[in-house]
Chemist: 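Before anything else, here's the structure in question.
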Amino acid sequence: MDTNEIRSTFIDFFASRDHTVVPSASLIPLDPALLLTVAGMVPFKAYLTAEEKAPYARAVSSQKCIRTTDIDILGTTARHMSFFEMLGSFSFGDYFKEKAIPLAYELLTEVYGMDPERLWYTVHETDDEAAAIWLDVVGVSPDRLQRRDRDNFWQMGVAGPAGPCSEIFFDRGPQYGPDGGPIVDEERFVEIWNLVFMQYIQDEPYHVVGDLPMKSIDTGMGLERMAMVLQDVGSLFETDSVRAIMAVGEARTGVRYGESDRSDMSLRILADHARALTFLIADGVVPSNEGRGYILRRLVRRAVRHAHTLGTQTPITASLVDVTVTEMGEAFPAIVEKQDFIRQVAEREETGFLKTLESGEQMLDVAISALGGATTIPGATAFKLHDTFGFPIELTEEIATERGLDVDREGFDAEMAEQRERARAAFRSSSGGDAVAAYRRIIGGLTPTSFTGYGEIEGGGVVLSLLREGELTERVDEGQEVEVFLSASPFYAEAGGQVGDTGRIVTETGVVNVSDTQLVLPGVHGHRGVVTSGHILTTQDARTVVDGTRRERIRKNHSGTHILHWALRDVLGDHVHQEGSLVAPDRLRFDFSHYEGVDHETLHDVERRVNVQIIANKAVHTVETSKDDAEKMGAIAFFGDKYGDEVRVVQMGDFSTEFCGGTHVPSTGQVGPLVLVSEGSVGSNIRRVEALTGSAAYDHLAQLRANLADIGGILRAQPGREVDAAHSVADRLRAAEQRIGEFEERERTQTADGVVSRAEKIGGAALATARIDGIGGDGLRALAFQIRDRLGSGIGAFGSVTDGKAAVIVFVSDDLVARGVAAGDIAGAGAKALGGGGGRDPRLAQAGGPNTDGIDEALLLMRSAASEALAEL
RNA sequence: GGGGACGUAGCUCAGUUGGGAGAGCACCUGGUUUGCAACCAGGGGGUCGUCGGUUCAAGUCCGAUCGUCUCCA
């Protein structure tokens with residue numbers, strides 16, 4: 001049975017038993033707490049915890065997953081891959097273990113036709129219920145039912161849902177390992193299906209703190225593992241689909257699978273990473289130096305490195321993408337559609353890496369030749385190559401081995417550990433975890449603020465709590481800082497990039513000027529400000545007034561951000577994702593994933609499309625709905641935002657639909673003109689644009705027009721001919737400068753002639769001195785060269801005063817330098833009179849100082865120093 | 001979020017006690033040639049990423065900033 005058939009069989013089996021077929025979700029989870037979709041249940045997490053009501057009681061899916069926690073051991077085992085598909089069946093508060101277990105058994109033995117004698121089972125050591133179902137209902141042999149502790153307790157490693165589980169194993173036969181079932185050997189007894197009985201909540205791993213409101217089923221069967229077992233092959237990599245991808249690796253490198261353990265590992269890595277990188281890029285991840293982009297980068301680079309190790313020097317990623325698309329395109333049409341884009345992104349990363357490999361090899365050569373006689377490359381050197389230039393340690397080791405050298409791997413690992421520690425320490429000190437904990441302690445029981453600010457910017461509420469200098473208090477007086485918590489508030493708390501509102505809170509006894517509003521706990525708005533008159537008390541009624549002008553500017557910018565996001569995707573492609581944003585009253589900033597700088601022309605195109613939508617004055621609708629319906633509407637999630645049970649969706653016309661909790665204008669026309677003012681980079685593959693809207697945009701344009709008018713006036717250009725005028729002025733300036741240079745040169749020649757003709761003769765040598773003001777250091781030097789060229793054997797010493805600074809220059813002809821005369825000594829003598837210092841070069845020395853009055857004295861000093869030097873010869 | 005490296009001519013790069021901005025390729029002009037990176041002579045082309053500081057003097061030292069690369073979280 002081939003892989004595609006195994007997948008469809010699974011889905012058909014559960015679909016025919018009233019399970020809704022749910023398509024695979026993106027590898028980028030909606031849940032911002034997760035980096036990647038690591039398990040089949042990730043898209044269903046909110047249903048399992050009953051945070052949200054599931055739209056169906058039962059579901060079945062084949063979910064693509066990425067796990068890279070063990071990236072370094074990938075390829076070394078037969079059972080792990082970074083990219084895999086998880087076949088899953090789910091029950092949300094519907095049936096429980098009594099049905100899940102028999103269903104699993106039925107599918108395995110009757111539909112897939114597996115030999116019941118080769119199936120083994122584990123249950124949690126306390127789970128007598130599951131054990132009884134296996135033994136009494138299904139009727140499996142007690143010899144093949146084993147009990148384990150933590151291995152049969154499923155949890156995600158973080159706070160969240162958890163529960164005991166029952167796993168099903170397949171005995172691959174004695175050639176794979178010893179007898180005794182999965183508790184003895186998981187290489188022979190390979191896990192194919194995990195049935196999780198979701199019923200607890202944990203606050204930390206294995207620490208149950210309560211029951212879930214309902215009991216659910218979450219099962220996961222690794223598609224590739226199932227293929228391995230059903231096709232009776234030795235590893236995941238030899239299953240039909242993966243083997244075909246590996247074959248391309250073989251063809252490209254000329255290495256056959258099975259030649260050696262080492263090359264087999266490299267081929268497996270090529271096949272594994274081919275799949276992972278194809279799907280990651282298809283879901284919009286681009287290589288970068290952080291987060292999931294960094295995972296993708298490591299996958300691409302590791303694949304290229306192993307291809308390199310196998311002896312191919314030419315780019316390989318494009319052919320890896322192609323074969324993956326061929327093998328898996330039928331089940332995942334999106335990768336067919338995006339094939340060109342995927343190839344392009346992968347190749348770009350590969351090309352960059354090949355470049356770093358090349359320069360890294362050169363640097364390693366230099367490092368090796370600097371070793372002298374030593375035979376060990378120091379760990380620090382290897383680490384520098386890795387850390388600064390991205391040259392992999394494995395390649396350093398390989399090259400070292402080729403040349404009969406060692407690498408101090410321990411030293412390298414130590415440097416690596418140090419870097420990790422540094423990064424962790426920095427993360428700890430910067431994370432705001434402490435602040436949240438503090439708020440939870442102080443006002444944890446507070447009811448969430450009822451936000452009224454979508455419709456109104458004024459309202460009323462009750463003062464629930466007052467926080468002053470981190471302490472709860474019942475009264476805050478004039479002049480004191482305070483954080484106010486209200487039962488209801490129209491103040492928007494900073495979220496989704498939109499900054500918090502400012503304004504006033506007024507009670508019977510006093511006024512608070514609010515300068516910022518923050519979401520200090522989920523749903524709880526903290527109004528920060530100063531009591532500007534009177535005092536305020538808890539339990540008072542308060543009137544709330546948001547600064548309306550500011551809010552208006554903010555919402556123009558926020559709506560503008562959405563339109564901009566749409567236009568960027570429209571022009572650049574669907575890989576454009578929001579990576580961060582700032583929506584402030586004075587401007588908006590938008591960071592997005594894209595693999596290259598955006599040129600002016602493209603930027604103008606984006607800006608034009610934004611303004612076309614604004615001018616069309618499309619209606620802006622906001623709806624509150626379930627997350628699921630929102631996704632069906634095609635809403636784009638803003639990464640980094642947190643969404644509750646009910647999500648808010650902002651729709652603009654028929655072009656933009658985004659999850660968003662922010663405040664918006666009612667129709668796009670109110671955004672006013674949107675002007676892009678900058679485009680730049682904030683890291684590899686992440687770009688940033690800034691824009692203005694509304695009157696700020698108009699003011700900006702008006703200012704540009706005024707500037708142009710000024711420039712036109714200065715250039716005396718006719719309106720509309722400013723550019724021509726600027727060209728003409730620049731050309732004339734250039735010509736004029738050239739002529740000035742010629743005149744200066746001619747003048748210097750004349751001056752030089754005069755100076756040379758007035759030179760004294762001392763012994764057989766000439767001594768020329770002169771004061772030439774107003775020509776500056778560079779001119780003085782040029783003059784000195786001219787004089788030197790004509791003077792023959794001799795010394796020249798000249799002084800100049802320019803722009804309130806005195807400078808001297810001294811040259812000594814080569815023959816005199818050879819006889820011990822040093823220009824630096826003579827210039828030094830002059831510099832004393834100027835209150836400065838000077839150069840030491842014996843042929844040509846410049847010196848100077850701020851004391852311009854001393855210039856004549858300096859010339860005298862230099863003249864006598866030069867005469868003495870000549871007399872001593 | 002933290003660390004490291006780099007930024008000099010259109011391209012690839014050199015430039016150490018701070019003191020005359022360079023090479024190769026490319027380009028232009030003239031000559032000589034006309035079979036695989038042709039040659040000879042001459043020439044144009046640089047705010048040394050940007051801003052500030054130190055200094056008589058900064059490509060060079062210090063600080064900030066922008067950009068590129070890279071490792072770690």
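Computed from heavy atoms alone, side chains included, the values below leave out hydrogens, waters and symmetry copies. Residue numbers begin at 1 in each chain, while the letters A, B, ... track the order of the sequences.
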Chemist: With heavy atoms under 4.0 Å as the rule, sort Phe391(A) into base, sugar-phosphate or nothing.
Modeler: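 Nothing, no nucleic acid heavy atom in range.
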Chemist: If you check the Lys805(A) side chain, which of G4(B), A57(B), G20(B) turns out closest?
Modeler: A57(B)
Chemist: With a 6.0 Å cut-off on the ring centroids, do His386(A) and Phe412(A) count as close?
Modeler: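 Centroid distance His386(A)-Phe412(A): below 6.0 Å, so yes.
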Chemist: Identify, with sequence neighbours excluded, every residue that meets side-chain contact (heavy atoms from CB on, under 4.5 Å) alongside Glu607(A).
Modeler: His604(A), Asn611(A), Val675(A), Leu676(A)
Chemist: Starting at CE of Met416(A) and ending at P of G3(B), how long is that distance when rounded to a whole Å?
Modeler: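 Taking CE of Met416(A) and P of G3(B), I get 17 Å after rounding.
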Chemist: Taking the nucleotide of RNA chain B with the nearest heavy atom to each, does Phe353(A) or Ala807(A) sit closer to the 5' end?
Modeler: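 Upstream on the strand: Ala807(A).
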Chemist: For RNA chain B, please output the secondary structure as dot-bracket, reading 5' to 3'. Pairs are Watson-Crick or G-U wobble, both atom distances under 3.5 Å; mark crossing pairs with [ ], other-strand partners with |, unpaired with a dot.
Modeler: (((((((..((((.....[..)))).(((((.......))))).....(((((..]....)))))))))))).
Chemist: Determine the Euclidean distance between corresponding P atoms of U17(B) and A21(B); express it in Å to zero decimal places.
Modeler: 15 Å
Chemist: Suppose you measure atom P in C61(B) against the same atom in G18(B); what distance do you get, rounded to whole Å?
Modeler: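 Approximately 8 Å lies between the P atom of C61(B) and that of G18(B).
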Chemist: Specify the separation, in whole Å, of atom CZ of Arg298(A) and atom C1' of A73(B).
Modeler: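 The distance from CZ of Arg298(A) to C1' of A73(B) comes to 10 Å, rounded to the nearest Å.
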Chemist: Does the pair Thr317(A) and Glu350(A) meet the rule for a side chain to side chain donor-acceptor pair (under 3.5 Å), with working shown?
Modeler: CA-CA 7 Å; Thr317(A) 51; Glu350(A) 177 171 27; 2.5 Å; yes
Chemist: Closest to the Phe389(A) side chain: G20(B), A73(B), A5(B)?
Modeler: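 Per side-chain heavy atoms of Phe389(A), the pick is A5(B).
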Chemist: Closest approach to the side chain of Arg843(A), judged atom by atom: which nucleotide of U70(B), A5(B), G20(B) is it?
Modeler: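 Given the options U70(B), A5(B), G20(B), the side chain of Arg843(A) is closest to G20(B).
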Chemist: Please report the distance separating the C1' of G3(B) from the corresponding atom of C48(B), rounded so that it comes out in whole Å.
Modeler: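 Roughly 27 Å separates the two C1' atoms.
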Chemist: Which value, in whole Å, describes the distance between the P atoms of nucleotides A26(B) and U68(B)?
Modeler: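 The answer is 30 Å between these two P atoms.
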Chemist: Arg301(A) or Arg781(A): which one's nearest nucleotide on RNA chain B is closer to the 5' end?
Modeler: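 Mapping each residue to its closest nucleotide by heavy atoms, the 5'-most match is Arg781(A).
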Chemist: G4(B) base to Gln419(A) side chain: any donor-acceptor pair below 3.5 Å?
Modeler: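 There is none.
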Chemist: Between Glu415(A) (CD) and A5(B) (P), how many Å, whole number?
Modeler: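 Roughly 13 Å, once rounded to whole Å.
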Chemist: Say you pick atom C1' in G24(B) and the same atom in A73(B); how far apart are they, in whole Å?
Modeler: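 Each nucleotide's C1' atom is 43 Å from the other's.
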Chemist: Answer with base, sugar-phosphate or nothing: what part of the nucleic acid does Arg688(A) contact at a heavy-atom distance below 4.0 Å?
Modeler: nothing
Chemist: At less than 3.5 Å, do the side-chain atoms of Arg788(A) and the base atoms of G20(B) form a donor-acceptor pair?
Modeler: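 Yes, the side chain and the base share a sub-3.5 Å donor-acceptor pair.
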Chemist: Answer yes or no: is there an ion pair linking Arg409(A) with Asp413(A), defined by an N-O contact shorter than 4.0 Å?
Modeler: yes
Chemist: Salt-bridge test for Asp591(A) and Arg687(A): reply yes if a basic N is under 4.0 Å from a carboxylate O, no otherwise.
Modeler: no
Chemist: Given the P atoms of G46(B) and A5(B), what is the spacing between them in whole Å?
Modeler: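 My reading of the P atoms in G46(B) and A5(B) gives 32 Å.
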Chemist: Do Arg302(A) and Glu394(A) touch side chain to side chain, with heavy atoms closer than 4.5 Å?
Modeler: no
Chemist: Mind checking the P distance from C27(B) to C62(B)? Whole angstroms is fine.
Modeler: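 Going atom to atom, P in each nucleotide, I get 40 Å.
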Chemist: Roughly how many Å is it from CD in Gln846(A) to P in A57(B), rounded to a whole number?
Modeler: 11 Å
Chemist: Please check this pair: side chain of Asp406(A) against backbone of Ile377(A), looking for a donor-acceptor N/O pair closer than 3.5 Å.
Modeler: no
Chemist: What integer distance in Å separates Glu421(A):CD from A73(B):P?
Modeler: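 These atoms are roughly 11 Å apart.
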Chemist: Nearest to the side chain of Arg687(A) - A57(B), A21(B), U68(B)?
Modeler: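 Out of A57(B), A21(B), U68(B), the nucleotide with an atom closest to Arg687(A)'s side chain is U68(B).
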Chemist: Could you state the atom-to-atom distance from CG of Asp773(A) to C1' of C56(B) in whole Å?
Modeler: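 Asp773(A) atom CG is separated from C56(B) atom C1' by 15 Å.
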Chemist: If the C1' atom of G52(B) is compared with that of G15(B), how far apart are they to the nearest Å?
Modeler: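 These two C1' atoms come out 25 Å apart once rounded.
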Chemist: Would you kindly give the CZ-to-C1' distance between Arg422(A) and G4(B), to the nearest whole Å?
Modeler: 9 Å
Chemist: Just verifying a value: how many Å separate Lys832(A) NZ and Leu834(A) CG, rounded to the nearest 0.5 Å?
Modeler: 11.5 Å
Chemist: Parallel, tilted or perpendicular for Phe590(A) and Phe592(A), by the 30°/60° rule?
Modeler: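 Aromatic pair Phe590(A)/Phe592(A) classed parallel.
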Chemist: C69(B) P sits how many Å from Glu350(A) CD, rounded?
Modeler: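 Value for this atom pair: 17 Å.
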Chemist: Given U70(B), A5(B), G3(B), which nucleotide is nearest the side-chain atoms of Arg297(A)?
Modeler: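 Shortest atom-to-atom distance from the side chain points to U70(B).
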